Amino acid sequence: MKNELIGGSIGTALCAVGTGLQTNDVLQTISLIITIVGGLITFIIVPLVTWYKNAKKDGKIDADELEEGVKIVIDGSEKIKGQVEDKDKKKEGK
């Protein structure tokens with residue numbers, strides 16, 4: 001799982017850099033959408049699926065496990081937001 005997360009993170013970061021370097025506005029918008037979708041999959045969906053499988057092993061999800069799931073969503077959202085902001089900074093630096 002950790003290797004997939006690292007690989008996905010690198011791929012999403014490269015996509016964000018590519019978006020920032022794109023000169024055509026339409027292609028830049030499309031690339032940004034792809035970056036966001038990739039970030040959602042890498043930082044939120046895959047970790048949540050793994051968390052859910054682990055949390056349901058005992059047949060129920062308790063409060064501590066639920067807090068962990070919420071933390072995964074918050075952390076993933078912050079990572080995606082950071083990548084979008086980095087893209088905006090690169091766009092302004094052109």
Side-chain angles (χ1 to χ4, degrees):
M1 171 62 195
K2 191 171 186 176
N3 290 335
E4 290 91 2
L5 184 60
I6 292 171
S9 299
I10 292 170
T12 304
L14 289 174
C15 191
V17 169
T19 300
L21 297 175
Q22 184 59 255
T23 57
N24 185 321
D25 288 336
V26 173
L27 293 176
Q28 189 175 44
T29 302
I30 293 169
S31 183
L32 177 61
I33 292 168
I34 292 170
T35 300
I36 292 170
V37 170
L40 285 171
I41 292 169
T42 302
F43 299 123
I44 296 177
I45 295 173
V46 172
L48 271 180
V49 168
T50 304
W51 164 82
Y52 182 77
K53 286 180 182 179
N54 291 333
K56 288 298 276 185
K57 282 183 181 175
D58 62 354
K60 60 183 170 142
I61 298 175
D62 62 20
D64 291 335
E65 291 170 330
L66 191 56
E67 284 182 30
E68 182 183 345
V70 170
K71 185 177 182 294
I72 289 170
V73 172
I74 291 170
D75 290 345
S77 300
E78 289 174 358
K79 287 178 183 178
I80 293 169
K81 180 181 174 186
Q83 288 184 341
V84 170
E85 288 173 350
D86 287 347
K87 191 255 355 150
D88 288 340
K89 288 178 186 175
K90 287 182 174 92
K91 183 178 179 181
E92 292 170 0
K94 284 200 269 183

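Values in this document were obtained by computation on a predicted structure and should not be read as measured data.
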For K81, give me all partners under side chain to side chain contact (heavy atoms under 4.5 Å, CB included), at least two apart in sequence or on another chain. E85
Taking a hydrophobic cluster as the set of Ile, Leu, Val, Met, Phe, Trp and Tyr residues connected by side-chain heavy atoms closer than 4.5 Å, whether directly or through intermediates, do L40 and I34 fall within one such cluster? no
Any residue meeting side chain to side chain donor-acceptor pair (under 3.5 Å) with K71, in chain and number order, not counting sequence neighbours: D75
At what distance, to the nearest 0.5 angstrom, does CG of N54 lie from CD1 of I61? 11.0 Å
To the nearest 0.5 Å, tell me how far E65 CD sits from W51 CH2. 7.5 Å
In one Ile/Leu/Val/Met/Phe/Trp/Tyr side-chain cluster, 4.5 Å: V49, I41: yes
Spacing of I80 atom CD1 and I36 atom CD1 [to the nearest 0.5 Å]: 8.0 Å
Checking E68 against D64 for the side-chain contact (heavy atoms from CB on, under 4.5 Å) test, could you report, in this order, the C-alpha distance in whole Å, the side-chain angles of both residues, the deciding distance, and whether it holds? CA-CA 6 Å; E68 182 183 345; D64 291 335; over 6 Å; no
Mind checking what makes side chain to side chain contact (heavy atoms under 4.5 Å, CB included) contact with S77, not counting sequence neighbours? I44, V73
What distance do E67 atom CD and D62 atom CG have between them, rounded to the nearest 0.5 Å? 9.0 Å
Which residues share a side chain to side chain contact (heavy atoms under 4.5 Å, CB included) with V70, sequence neighbours left out: I74
